[in-house]
Amino acid sequence: MPIKTRNILSIWNSFSLKALFKKEKMINQHIACIIDDDNINQFIIKRVVENHNFTKKIISFSNGQEAFDFLFNNQKDSENLPDIIFTDINMPIMDGWTFLEHFKTLKFDKNILIYLLSSSIDANDFEKSKTIPEVSGYLIKPIQNKEIENIISKLNNNNKF
Amino acid sequence: MNNLPIPKNEKDRIQALYNYDILDSLSEIEFDRITKLASLICDVPISLISFIDQERQWLKSNVGFDVLETKRSSSFCQYAIMDDVVFEVQDATKDQRFENNELVNEKSKFKFYAGFPIIDPNGFALGTLCVIDNKPNVLNENQKKSLEILAQEVMQLVVERRKKAELQNFEKLFNLSNDMISIAGFDGFFKKVNPTFSKILGWDEKYLLKTPYLELVHPDDLEYTLSEFQKLTNNSQTSINFFHRLKTKNNEYKTIQWVNTPNTLNKDIYAIGRDVTEIKLKEQQLAYSEQQLKIFFENSQAFLYRIDFNGNFISGNKAFFDQTGFTKEELNSVGIRAIMSKNASEERIRDFFVNVKKLGFVKDEAIIQHKNGSLMRWTYIGSYVKNLTDEEYIIINAIDTTQRFELETDLKSTKERLELLSNQLQKQNDKLLNFAHITSHNLRAPVSNLNTLIYFYNESNDAQDRELLFSKLEIVNQHLSTTLNDLIESLKIQEDLGIEKQELSFDLVLNKTKEILVAQIITSKAIVTHDFFEIDTIYYPKNYLESIILNLFTNALKYASPNRIPEIHFETKIIDKQIILTVSDNGLGINMKRNGDKLFGLNKTFHRHPDAKGVGLFIIKTQIEAMGGEISAESEVDKGTTFKIIFNKNKND
């Protein structure tokens with residue numbers, strides 16, 4: 001058997017997973033949006049976000065098209081619009097990049113942060129993400145604790161303007 | 001007329017007459033004096049000197065008869081030359097021999113004739129000295145004797161006349177000859193030299209006659225010249241033939257070839273010389289070239305040898321004998337076949353001879369056998385040569401290219417092996433890259449999910465939540481194990497190069513696949529067509545072909561457009577000896593610009609479809625590539641997709 005699953009698992013164990021999910025005292029005021037075609041991914045991200053207690057609501061979509069349709073229909077309805085979007089890159093129907101192109105065409109009354117989520121470090125994808133001003137960051141799954149904290153502080157600053 | 005007299009030696013007589021070169025010459029006073037004298041002595045009005053050739057009598061001198069020539073048939077003289085005494089006709093008008101003669105009648109002057117033949121030292125009667133009277137007459141003995149003496153005098157004049165002419169010819173020859181003609185005395189001086197001396201040597205005649213001729217001889221040739229002359233003085237040779245160099249007025253030297261013959265009576269030497277400076281120079285150059293050529297031939301590193309068109313060995317240089325191990329004598333007796341490999345075909349040898357003659361030369365390679373049996377490879381040029389006596393030869397110039405050939409062969413095979421290795425490495429590298437990609441993309445995500453879920457599971461205290469987490473864990477686990485199975489499958493294909501191939505029919509495999517998919521086909525109402533007319537059979541692993549067709553068929557059904565009835569078409573073709581299968585549908589299509597590069601990756605899906613796993617294309621791509629083929633796709637969103645498989649991709653492309 002050429003794939004040594006055990007070895008790979010042991011590498012993953014070296015991450016301090018517990019540190020990722022420290023609960024912080026935050027006001028649950030934000031709406032988060034998760035776009036991922038994989039149900040398990042959706043489930044996991046949703047749980048991580050929930051654990052950080054900064055959201056009052058989490059909405060999930062299976063691909064860019066569904067998310068875009070929602071945003072398009074609620075363009076003027078700031079109450080229902082997310083403050084932060086976590087989107088996967090590789091998805092059927094409409095992938096992350098196409099979603100970003102479409103997102104640019106929409107006008108909102110609030111600032112929405114967008115984070116790209118990827119299961120791997122793809123140098124090309126990373127470089128590409130830096131050229132798109134709408135993208136606030138490029139995250140590798142699983143999301144690290146420190147990254148979530150940075151995101152939350154950015155969210156709070158964002159709301160002051 | 002038929003009774004005209006002809007001397008017995010007529011032919012030689014005519015030739016002798018011509019040799020004196022007297023006919024048709026101008027009148028000469030010496031001859032006229034004789035005819036006048038004859039006329040006076042005999043007391044007759046006419047006297048003639050006549051010469052008789054085939055058709056006429058020609059008059060060298062005439063007194064009292066102003067005619068140059070008459071017909072021989074009407075002449076009196078033709079009778080006179082038949083004897084060596086006086087021929088006398090006292091009255092021609094009463095002579096039967098002249099009764100029809102046009103010159104003889106009552107009015108004419110020709111009544112009396114007396115002639116004495118002019119006889120040359122060889123006894124040929126060339127003509128006559130004759131006297132003629134217009135009345136009958138008779139000569140007394142003194143007159144007859146006088147006529148004989150005068151005829152002899154005429155002959156003397158003719159002979160001297162010819163000698164004079166010959167002398168003049170010699171004089172001309174002497175003056176005009178391109179050869180140097182001289183008379184030299186044993187006293188060391190030239191007595192006479194012709195103008196050619198001056199022309200060749202530049203010295204004027206006066207200088208040449210007063211200068212000892214040995215002074216002109218090149219100092220280095222002096223001894224040799226004297227020794228040659230010695231042969232004449234001691235009478236050991238009657239003539240000498242030698243070369244030496246003579247100084248010219250310009251202080252250059254000309255090479256002169258001499259033929260010297262002494263006139264022992266006068267102690268003089270007739271010396272005839274020819275300027276052979278140019279010829280000598282050319283001879284020397286030729287000798288030099290020959291010598292150079294010989295040195296080149298003998299010392300050449302190349303193997304040089306000469307054979308004739310019957311395969312006989314003529315000659316060879318040292319390198320040739322050294323290289324073949326044979327001696328000249330051995331090859332002379334056996335012929336050139338001795339050095340040819342036993343395997344050399346007679347046909348090829350014959351072709352060689354034919355082509356050398358036809359083209360002038362042939363450049364080729366041959367396997368040559370050493371006397372000890374070992375083989376070599378020679379590269380040679382055989383050139384056609386014809387010598388002065390029209391004998392035909394072939395000169396062969398060869399070098400040993402055995403090592404070069406081996407090196408080239410070696411290099412070639414090394415290069416081939418390197419290329420093979422490089423290809424294999426490239427393939428392995430591609431596989432490794434692919435594998436790294438698979439690990440990072442397809443294993444990392446589920447493993448990461450697995451860990452996270454386990455963590456959630458351990459943290460959770462709520463039984464219902466834990467049950468939910470467990471069900472998610474099961475999904476991830478299943479996903480992971482499917483991915484691992486697919487990976488194992490693909491690695492198995494990549495390792496499975498020795499897989500058994502067999503003759504398969506596209507038609508049969510498609511029918512079998514249709515049976516497997518019968519439910520889906522009926523449900524989707526798909527129209528499935530095929531065209532295997534161009535080629536139906538392929539030599540291929542059975543499992544692979546079935547897997548390829550099943551996967552593409554399933555794909556086409558799975559990603560059919562909900563807005564139209566699916567149409568799926570299978571077709572085979574042969575292009576450039578490559579067997580090609582195309583599978584086209586009118587389904588959803590794939591955005592090739594965005595997904596083209598990921599189409600055949602593991603776990604890639606481009607449709608939101610419950611069954612989409614993205615495994616099939618990766619597996620069949622691996623299978624096709626393992627068998628040296630190639631798969632590609634063309635697609636347009638909402639129009640359809642065409643997959644193209646080249647089963648046996650041409651290597652050079």
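Note that the structure is a prediction, hence the values are computed from the model and not measured.
Contact count against chain A (heavy-atom pairs under 4.5 Å) is highest for B:Leu469 among B:Ile475, B:Val637, B:Leu469.
Neither the backbone nor the side chain of B:Leu473 comes within contact range of chain A; no heavy atoms are under 4.5 Å apart.
With values rounded to the nearest 0.5 angstrom, B:Asn449 atom CG is found 4.5 Å from A:Asn41 atom CG. Here the NZ atom belonging to B:Lys472 is positioned 6.0 Å from the CG atom belonging to A:Asn39, to the nearest 0.5 angstrom. Note that the CZ atom of A:Arg47 and the CG atom of B:Asp465 stand 4.0 Å from one another [nearest 0.5 Å].
Within a 6.0 Å radius of CG in A:Leu106, other residues, nucleotides and ligands contribute more than 12 heavy atoms. Counting heavy atoms of neighbouring residues, nucleotides and ligands inside a 6.0 Å radius, atom NZ of A:Lys110 exceeds 12 of them. Residue B:Glu467 qualifies as open at atom CD: its count of foreign heavy atoms under 6.0 Å is 12 or below. For B:Lys525, the NZ atom is loosely surrounded, since the number of other residues' heavy atoms within 6.0 Å does not exceed 12. For B:Glu419, the CD atom is densely surrounded, since the number of other residues' heavy atoms within 6.0 Å is greater than 12. Atom CD of A:Glu134 sits in a crowded spot, with more than 12 heavy atoms from other residues, nucleotides or ligands closer than 6.0 Å.
You'll find the side chain of B:Val476 stays beyond 4.5 Å of the side chain of A:Phe43, heavy atoms only.
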B:Phe456 and A:Val48: side chain to side chain contact (heavy atoms under 4.5 Å, CB included), yes or no, with the steps? CA-CA 9 Å; B:Phe456 289 155; A:Val48 170; 3.9 Å; yes

